[in-house]
Structure formats: C-alpha cells, structure tokens
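When a ligand or atom number is given, it counts from 1 through the structure's own listing order.
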Amino acid sequence: MTAAYITTPIYYVNDKPHIGHAYTTLACDTLARFWRLQGKDVKFLTGTDEHGQKVEKAAAAANLTPQDFVDTVSQTFRDLVAKMDVTNDDFIRTTEPRHIKAAQALWTRLIDSGAIYLGEYSGWYAVRDEAFYAESEIVDGKAPTGADVEWVIEPSYFFKLSAYQDQLLAYYKAHPDFIAPESRRNEVARFVEGGLFDLSISRTSFKWGVPVPGDDKHIMYVWLDALTNYITALGYPDEENSDFKAFWPEAIHVVGKDILRFHAVYWPAFLMAAGLPLPRQVFAHGWWTNEGVKISKSLGNTIDPIELIDTFGIDAVRYFLIREVSFGQDGDFSRQALINRLNSDLANAYGNLVQRVLSFIYKNGDAIVPSPGDLTADDSAFLNLPKQFLPTINEMQISRYAEGVWALIAKANQYVDEHKPWGLKKTDPERMNTVLYVLADFIRQIAILTQPLLPVASAKILDQLAVSEDDRLFSALDKQLLPGTKLPEPIGVFPRV
Ligand code: MSP
C-alpha cells in the first residue's frame, strides 16, 4: 500500500483558533480523506506550537504560568479539530517529552555534523513572527510583514545556513514539485539566490523553550524546535520504528504562504545537515481576508470557526472554504458568498437531485433499487462520467476537484430534465425504471466522490442508497447498485439557508 503523510503547521497557542487555522486543517483533512479513498495508508498530523517568546508573553499577559497557559489554549485547538470532524491520526504538542527528546536529538546531530557554531547575535527580531530580519529588510522601522521589531544582542548558536545555498538551489531544480504552487517555488528560489545568512538558532534572554543539550543557558530557536515536530510524530530519533520507516520522507507539508520560507529553506537545510531525506512537498496556500479586509486581531475582524459551524454545519463551512478559492490562491470570506454557495451548490444542485430521485423511487418504486431494462448508449456514457473524471484530477487541486464534481452534478440534473422519469410512469414504466436506476447509480458515484468534501452529507446519501461501508472507496465506482435492494426512507440532506 502506498504511504502518504500529511501535516498541518502546528499552531501557536498565543490566541484562540480562527478561520485561517480552520482552513489549513480542513484542507489537509480533505486531502487525507481523498488519499484514504484511493486506498493509501495515510498518516495525518496536526498540533500546537507551544514555545517561544510570543507564547511566553501571552501567558504573562494572562497571568498564568506558561505551562498552564499552553495547556488551556492547546485544548481549544484540540476541541476545534474534534468539532470539525477532522481525521488526524495524532495531535502533537511541542511541550511533550517525546518532542523535546526529538528536538534535542536533531540538535545533537547538527552539532555532530559541524553545522552549528557558537557566536553572538545582534540584529532585529520580530516576536509576532518569531523571526530574525536583516537590516536591509526593515521598512519604516518594522518587519516586512508589518510586525514590530526589537534589537537583540545575545550569545547565540548559529546554523551554517549560508553553506546550503547551492545544495538547496540544486535540490529545487532536481525536484520541481518540492515547492508548490510553481509561483511560490520561483519566489523561494529567488530568495535563496539572493544569498543566505547563517541563522541564529538559540536564545538566552528568556526561558520558555527546549534547552540546548549541554548548554542549558540557551533554549532552541522556536522554529527549529517547531519544525522538528514533523519527525517527532513518526517516532524520531528512532529511525528504525515502523512509522518513521513507513512515512518519512513521504511527507506533504501544507502551510500558509507566510511561513513558506521556514519550511522550504530552513527545514530542508536542517535535514540536509542532519543527513535525513527531505519531505516530498511543501505546499503553500493563500490567505483569507474578511469581506475584503485583512484579518487581524487588532482590527477585531477575526472569524470564529466554531460560530460558523454552529450556524451552518461543518459540511457547509468545509465546502465553502475548499470550493471558494483555488487552492494556493488568496480568498475573501463573505457571509453572503457562503450563503449563496450553500443554497446554489448544496441545497439546489446536489440536494434537489438526490431528494427528487430518491423520494420518487421511495414513493413510486416500492422503496427498492429499480430493475433497469437495456441501457442506451447515452445511459452508459453518462454512467461512466465519474470514473473518467477521477483520473484527471491533480490531487493537490482540491478546489478544482470540487468544481469537477459539481460539473457532474449539473450533468445529472440535465439528465433528469432530458429523460423526465416522472413523466414516464404512465407511458413507459420500464424505461422509467431504467432512468431511475441510472440516476440512483450516478448519485451513488457522486456521493463516493463528495466524501472528502462533505463527509457527513455523503455518508447520509450513501446510507440512503444502502451502500455498505466496504463499498465506499474510489475503487467502488466500478461497482453497481444491486436492483431490488431495499432502501430506507429518504431524508433531506442540505437545508436551505
Ligand atoms: N507556529 C507556526 C507554524 C509552525 S509549523 C512548524 C505558525 N503558527 S500560526 O498559528 O501563526 O499559523 C498557522 C497557520 O495559519 C499558517 O499556515 C498561517 O498561514 C495560517 N493562517 C493564519 N491566518 C490566516 C489567514 N487569514 N488565512 C489563511 N491562513 C492563515 O505560523
């Protein structure tokens, strides 16, 4: 079985989760579900990033010890994952012993390979970004991201990042899919071509972090600590155990565009220095605005995913976020756009199709899968559309996948309009049964395809078609509904908003 490992970034616990966090996690969940339907052995990781100055400050502001504070906030991220029906296999916290052990082991390996030296850092640091900036990057006294910066002078260990410029560029060239989408790859390559500075990877001016092995005046730079989570969860430093063996380096790291540099430059350089293979891909998605405005805490326009789920249901929120923007691009959140999509795509297009066909079968066809007569060439061609569609999918293009499935739903509604099964009841009941059978089996295939996008609704539709749990993988598209199978009473799946 092919292995696939998908990761979300681990979220800072300085504040409660918002729509950006929900989006990354749902996108990964969609991919994880998609791969499982392909029959792959999937490991899906998410979690929280709990060290660093930003979190330490947030704890102080809340009058809590860092540990109490991170315990509380991490739990809110865990609750969100549960609320969203996310199918992660693990939830990692960087304050866990397994992670501290892994981060220290990686550090030791970097020391052993000669990639780390002790020096002194003097330069700009932005706590909000947990990032160092060169003098040349400072714009009007701020980081290029707009974050406040402070001048830091302290003893620090450095990672010889500058030594990896050529290796990184050669790697990007030899592995054109390592960074996606392509425009992002070019951006990263240009950054690396511009020259790399050695990276400060330890801090001494505060305490909330992983102690540097052998020199505990220093704690590890939060990004070196955080990036290691991806291998901690596979059992690193034990490289012989089954998870590390099975899933590394089959990793796809999905990240927001703001943290691409850490994943596509620093992380691969650390791994190269440690002599470990690099992940398959780092995929950067875009950013959401709220009704056209940048989302920020100071503007008070953050969007609470829990409130959205309570109002519209998880399937609807999921569908909107995945469908509304092309994966990799920026997008705008608007409540009206969400409502419009729910009504047009879910209630009207998909919901009506299912409801019309299944209730007609229930009321006029003895509540059993109808027995078809001979299929016309048209019927057969129609029934083959979903199977033909699936192999055309670029698996990372989840928004296009949704578009493609809805094009099939449109075809089904067209088929209903052309073949008017209800009108055939009196004139040609045999043909009516054929048309209904074709439609029911088409709906079965559609519901298999919509599982990664609408897990709850798809399961209900498959239940209503009495499709067994074993027949819900993509490979089951080739099967057919068995005529005569008893069907339960149909229930509405997508309420109008
Ligand atoms: N802790 C680091 C990641 C470490 S991974 C080894 C971090 N955390 S974060 O909580 O600040 O952000 C997590 C993710 O949320 C990032 O991928 C970021 O891009 C995403 N988003 C935050 N705001 C967002 C939007 N407005 N829109 C879309 N995603 C955004 O960075």
What about the rings of Y157 and Y121, do their centers lie closer together than 6.0 Å?
no

Steps toward side-chain hydrogen bond (donor to acceptor under 3.5 Å, both in side chains) verdict (E50, T95)
CA-CA 6 Å; E50 306 190 3; T95 48; 2.7 Å; yes

Considering heavy atoms of the protein only, find what lies nearest to atom 17 (O) of ligand 1 and give residue, atom and distance to 0.1 Å.
G256 N, 2.8 Å

Under 6.0 Å from the CG atom of D216, do we count more than 12 heavy atoms belonging to anything else shown?
no

Ring centroids only, cut at 6.0 angstrom: are H263 and Y230 within range, meaning strictly under it?
yes

Ring centres under 6.0 angstrom apart (Y133, Y125):
no

Pairs of nitrogen or oxygen atoms closer than 3.5 Å, one from D49 and one from ligand 1: do any exist?
yes

Which of the atoms of ligand 1 are close to P9, meaning less than 4.0 Å from one of its heavy atoms?
3 (C), 5 (S), 17 (O)

Within the structure, does N229 bring an N/O atom to less than 3.5 angstrom of an N/O atom in ligand 1?
no

Return the closest protein heavy atom for atom 31 (O) of ligand 1 as residue, atom name and distance.
I259 CG2, 3.5 Å

Within the structure, does I10 bring an N/O atom to less than 3.5 angstrom of an N/O atom in ligand 1?
yes

Residue and atom name of the nearest protein heavy atom (relative to atom 23 (N) of ligand 1), distance in Å to one decimal
H18 CE1, 3.2 Å

Are Y350 and W406 near enough that their ring centres are under 6.0 Å apart?
yes

Give the atoms of ligand 1, by number and element, whose distance to some non-hydrogen atom of G286 is under 4.0 Å.
28 (C)

Determine whether T25 and Y11 make a side-chain contact, defined as any pair of heavy atoms from C-beta on separated by less than 4.5 Å.
yes

Closest heavy-atom approach to atom 25 (C) of ligand 1 among W223, W287, F333, Y12 is made by W287

For D177, give me all partners under salt bridge (Lys or Arg N to Asp or Glu O under 4.0 Å), at least two apart in sequence or on another chain.
none

Please identify which of these residues, Q281, K43, R280, K40, meets the side chain to side chain donor-acceptor pair (under 3.5 Å) condition with E250.
R280

Applying a 4.0 Å heavy-atom criterion (strictly less than), which segment of F262 is in contact with ligand 1: side chain, backbone, both, or neither?
neither

I'd like to check D15 versus K297 (side-chain heavy atoms, cut-off strictly below 4.5 Å). Are they in contact?
yes

Are Y23 and W288 near enough that their ring centres are under 6.0 Å apart?
yes

Checking a contact table here: which protein heavy atom is nearest atom 27 (N) of ligand 1, and how many Å away?
W288 N, 2.9 Å

Among all protein heavy atoms in this structure, tell me which lies nearest to atom 20 (C) of ligand 1, with the distance rounded to 0.1 Å.
T24 OG1, 4.1 Å

Does ligand 1 have any atom that is closer than 4.0 Å to a heavy atom of W267?
no

Ring centres under 6.0 Å, that's the criterion: do F91 and F77 meet it?
no

If you scan protein heavy atoms around atom 6 (C) of ligand 1, the nearest is Y230 OH, 3.5 Å

Shortest protein heavy-atom distance from atom 15 (O) of ligand 1, along with the residue and atom involved
H21 CD2, 3.8 Å

If you measure from each non-hydrogen atom of E130 to ligand 1, which part falls under 4.0 Å: side chain, backbone, both or neither?
neither

Please state whether H263 comes within less than 4.0 angstrom of ligand 1, counting heavy atoms only.
yes

Taking only non-hydrogen atoms of A226 and a 4.0 Å limit, the atoms of ligand 1 in range are 6 (C)

Y11-ligand 1 polar pair, N/O distance under 3.5 Å:
no

Any nitrogen or oxygen of H285 lying under 3.5 Å from a nitrogen or oxygen in ligand 1? Just yes or no.
no

Can you pull out the closest protein heavy atom to atom 18 (C) of ligand 1? Residue, atom name and distance to 0.1 Å, please.
D258 OD1, 3.5 Å

Ligand 1 to K54 polar contact by distance, N or O atoms, under 3.5 Å:
no

Taken in chain and number order and not counting sequence neighbours, the residues that satisfy salt bridge (Lys or Arg N to Asp or Glu O under 4.0 Å) with E239 are R109

